[in-house]
2 protein chains.
Amino acid sequence: MSRNHAPSIRMVAARAGVSVATVSNALNGKPTVSPAIVERVNAAVRELGYVVDIAASRLRSRKALLAGVVVPDLTNPMFATFVSTLEHAARGDGYDLVVVSARNSAAEEADRLANIRAWRPAGLIVIPCDGAFAERLPTGFAIPTVLADRIPDQAGFDLIAVDNGPSAGAVARHLDEQGYRDCLVIVSKLSITNVRERWEGVQAAARHMKLDVVEVGIDDPDGLVSVHKRLSSKPRPQSIFCLDHGTALLVYRLLAEMNISVPNDLAFASFDEMEWMRLTSPGVTAVRQPVEVMAEQAWSLLSRRLKGDAGDAVTRRLKCAVEIRGSTPRCPEPQQRGTGQTEMGGVT
Amino acid sequence: MSRNHAPSIRMVAARAGVSVATVSNALNGKPTVSPAIVERVNAAVRELGYVVDIAASRLRSRKALLAGVVVPDLTNPMFATFVSTLEHAARGDGYDLVVVSARNSAAEEADRLANIRAWRPAGLIVIPCDGAFAERLPTGFAIPTVLADRIPDQAGFDLIAVDNGPSAGAVARHLDEQGYRDCLVIVSKLSITNVRERWEGVQAAARHMKLDVVEVGIDDPDGLVSVHKRLSSKPRPQSIFCLDHGTALLVYRLLAEMNISVPNDLAFASFDEMEWMRLTSPGVTAVRQPVEVMAEQAWSLLSRRLKGDAGDAVTRRLKCAVEIRGSTPRCPEPQQRGTGQTEMGGVT
DNA sequence: AGGCCTTGATAAAACGTTTTATTGTACGGT
DNA sequence: ACCGTACAATAAAACGTTTTATCAAGGCCT
């Protein structure tokens with residue numbers, strides 16, 4: 001019994017009655033093959049259901065139509081969208097993607113990077129876990145690399161990110177102008193470069209607001225406890241601005257549990273817009289990042305590099321959309337605070 | 001100048017002063033290599049930063065530690081979680097994953113399947129776009145394949161899915177018992193097998209409720225228009241049950257826009273729980289699917305197959321959790337309908 | 001001492017491709 | 001009829017591995 005192996009180019013050659021080299025030439029569109037033979041080869045390919053072995057092909061030709069993608073967490077809808085868009089763009093150029101998730105762990109990221117190397121991709125697109133990405137890049141792994149979304153401590157990388165500072169600043173200014181005089185800023189980890197940029201943007205933009213910042217680790221209950229304490233004490237903060245969607249979700253739930261009404265008792269805004277922020281009543285003011293654009297630009301930049309462009313490292317900052325919704329209305333006068341005045345909340 | 005190629009096993013051999021075969025044996029833990037030489041080899045590997053070329057390895061050894069994964073849409077948080085969990089499990093067994101998204105198109109799914117074949121994976125895990133999956137599987141692509149989540153028309157596949165019918169039925173029965181006498185069931189496409197199962201489950205479980213079903217294609221505005229019409233006409237349906245999260249989102253927004261209050265004006269429930277359903281006030285009654293468990297079981301089943309288990313095709317149905325929340329309270333008496341009686345909605 | 005294992009290492013073949021160099025073959029120009 | 005060229009097809013080498021078969025060197029037994 002012939003084993004159940006996938007048909008090889010040899011079988012195609014035999015079936016078409018030509019040499020192996022000719023089959024290869026025919027399939028790769030080399031002009032030195034006569035049309036009649038091309039047709040014979042194609043017929044044999046169809047009949048056998050032959051599909052090239054990419055690995056063998058790459059091995060010999062030294063051309064890899066393959067790029068690696070590393071994201072911190074596929075579960076995050078933003079990164080999932082990033083990957084999905086990227087995949088589409090890459091396939092449009094004939095490239096395959098090997099995608100791995102670091103599950104928010106720098107150690108796993110390093111591991112995955114080493115592992116992805118074994119695939120000999122032509123290029124890399126990485127959303128790093130944190131700024132220390134350069135240290136985790138295996139030595140000697142010198143292929144075109146484009147970073148996205150998160151900002152590395154070390155310069156010299158191509159980078160496509162959003163203008164975290166100005167966008168977060170725009171929200172802070174909005175709160176300021178609406179009359180709020182203090183704001184509790186909540187972050188997951190200030191060590192994440194984006195988050196730090198946002199926080200700095202807020203600090204730069206707030207003119208009359210007193211600012212306060214709390215770290216709420218994603219799985220760490222302590223942070224939430226301290227937010228709880230902060231919200232129970234008098235006077236309560238007039239506004240809250242969460243600098244990433246994870247904390248936004250946690251804090252928004254906390255508010256509901258504590259029976260604190262948005263926006264009657266305080267205003268609420270978030271960086272990183274999520275679907276649900278348009279569904280609550282009122283909607284949540286949020287910064288929407290242009291993920292798809294980011295993915296497309298990351299690919300087109302990598303694509304340029306793969307074609308041989310060896311120019312200086314590029315950094316591009318994309319503009320975010322700031323969606324003002326009912327969760328940040330004009331600040332009521334102090335004496336009226338907490339007595340009603342519901343904005344007839346709505347989906348915008 | 002020596003080109004910038006990744007170091008090969010040959011260089012390692014030269015550096016360690018042994019033969020290529022010995023390096024291979026050492027790295028693969030063959031017992032015939034003396035400890036002293038193993039150490040020399042490891043040192044050389046470290047110094048050069050050598051990483052095996054998986055493709056070449058697989059080519060020669062005919063052992064692929066690689067599985068393909070095809071999902072309908074990575075953007076869907078449920079599938080993203082599925083992939084993420086799967087990846088973790090696979091890596092635990094030393095396997096890599098090549099993940100592709102069909103972007104909800106059967107044509108793309110077929111294309112991706114053909115393409116993934118070029119990687120010669122050892123196995124396949126697929127969440128098919130629709131029931132006609134078998135037709136799109138390239139002929140001769142006979143590797144262990146586990147289907148997940150969606151049910152194929154054709155039998156003979158390993159399958160890990162949830163008990164769509166009973167779970168949807170549980171929600172229908174709940175509505176029925178709460179006193180609702182009719183229910184508008186909303187689906188994306190009845191051609192999706194899961195959705196059909198859910199719909200059949202609803203039909204089987206509803207005892208006193210009059211049922212009505214509307215298809216709302218994900219990108220198709222017509223469906224929403226007909227829902228709108230249905231909601232404007234008198235008498236308005238007493239309850240709505242969306243059988244997938246995409247339509248749940250659309251319809252929930254539509255309700256807000258039409259100023260129809262949940263649950264004052266009607267009850268609302270959904271299959272496919274999403275984050276935001278715990279955040280609205282009141283929370284949305286929903287069926288939560290055990291995605292992680294599904295992924296783990298899919299992997300462990302595939303893993304078994306890869307180890308050679310050639311038993312009959314297995315079908316496993318996982319139980320879902322039904323989360324009863326404030327959006328489906330006891331049905332008020334008809335004369336009171338729409339006059340207030342807000343459940344002090346809360347996050348559960 | 002001679003024969004036979006065992007041990008540790010290696011040379012060479014093989015995997016499925018692509019590429020390079022080679023071989024015919026036909027053609028047009030003298 | 002001869003040469004040079006262009007064209008079509010191919011044989012063989014190469015890519016980086018793993019595997020198989022081979023080999024050399026001891027050690028043990030008679």
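Chain identifiers are assigned alphabetically (A, B, ...) following the order of the sequence lines, protein sequences preceding nucleic acid strands; residue numbering begins at 1 within each chain.
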Open item on the list: Please check: side-chain N/O of Thr81(B) versus main-chain N/O of Pro77(B), any donor-acceptor pairing under 3.5 Å?
Closed with: yes
Whole-Å distance separating the [atom1] atom of [X] from the [atom2] atom of [N]:
X	N	atom1	atom2	answer
Leu59(B)	dC15(C)	CG	P	9 Å
Arg10(A)	dT18(C)	CZ	P	12 Å
Arg60(B)	dA14(D)	CZ	C1'	16 Å
Glu39(A)	dA9(D)	CD	P	14 Å
Asn25(B)	dT22(D)	CG	C1'	14 Å
Trp119(B)	dT17(C)	CH2	P	14 Å
Met11(A)	dG16(C)	CE	P	7 Å
Arg58(A)	dA14(D)	CZ	C1'	14 Å

Open item on the list: Can you see whether Thr22(B) engages Ser19(B) through a side-chain donor-acceptor pair at a distance of less than 3.5 angstrom?
Closed with: yes
Is there a side-chain polar atom (N or O) of [X] under 4.0 Å from OP1 or OP2 of [N]?
X	N	answer
Ser57(A)	dT18(C)	yes
Lys30(B)	dT19(D)	yes
Arg120(A)	dT17(D)	yes
Ser8(A)	dG16(C)	no
Ser24(A)	dT18(C)	yes

In terms of side-chain heavy atoms of [X], which of [options] is nearest?
X	options	value
Val52(B)	dT18(D), dG8(C), dT19(D)	dT18(D)
Ile9(A)	dG16(C), dT17(C), dT19(C)	dT17(C)
Ser34(B)	dT17(C), dG8(C), dT19(D)	dG8(C)

Give one of base, sugar-phosphate or nothing for [X], where a contact means two heavy atoms less than 4.0 Å apart.
X	result
Ile54(B)	nothing
Val20(A)	base
Thr22(A)	base
Arg62(B)	sugar-phosphate
Asn28(A)	sugar-phosphate

Task: Identified salt bridge (Lys or Arg N to Asp or Glu O under 4.0 Å) counterpart of Arg136(B) within the set Asp111(B), Asp153(B), Asp130(B) - done: Asp130(B)
TODO: Taking the side chain as every heavy atom from C-beta outward, state whether Leu159(B) and Val146(B) have any atom pair closer than 4.5 Å.
DONE: no
Open item on the list: Looking at Glu108(B) and Arg112(B), is there a salt bridge between them, counting it only when a charged N and a carboxylate O are closer than 4.0 Å?
Closed with: yes
Task: Salt-bridge present (Arg60(A), Asp53(A); N to O < 4.0 Å) - done: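 The answer is no: the pair does not qualify as a salt bridge.
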Task: Working for side-chain contact (heavy atoms from CB on, under 4.5 Å), residues Arg103(A) and Glu109(A) - done: CA-CA 8 Å; Arg103(A) 309 179 114 238; Glu109(A) 186 185 275; over 6 Å; no
Task: Upstream residue (5' side of DNA chain C) when Ile37(B) and Ala56(B) are each assigned their closest nucleotide - done: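 Its nearest nucleotide being more 5', the pick is Ile37(B).
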Task: Between the first and last five pairs of the helix from dA1(C)-dT30(D) to dT30(C)-dA1(D), the angle of the axes, rounded to 10 degrees - done: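 The angle, to the nearest 10 degrees, is 60°.
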TODO: Begin from the C-alpha positions of Arg305(A) and Thr145(A) and carry the test side-chain contact (heavy atoms from CB on, under 4.5 Å) through to its verdict.
DONE: CA-CA 9 Å; Arg305(A) 296 296 185 202; Thr145(A) 299; over 6 Å; no
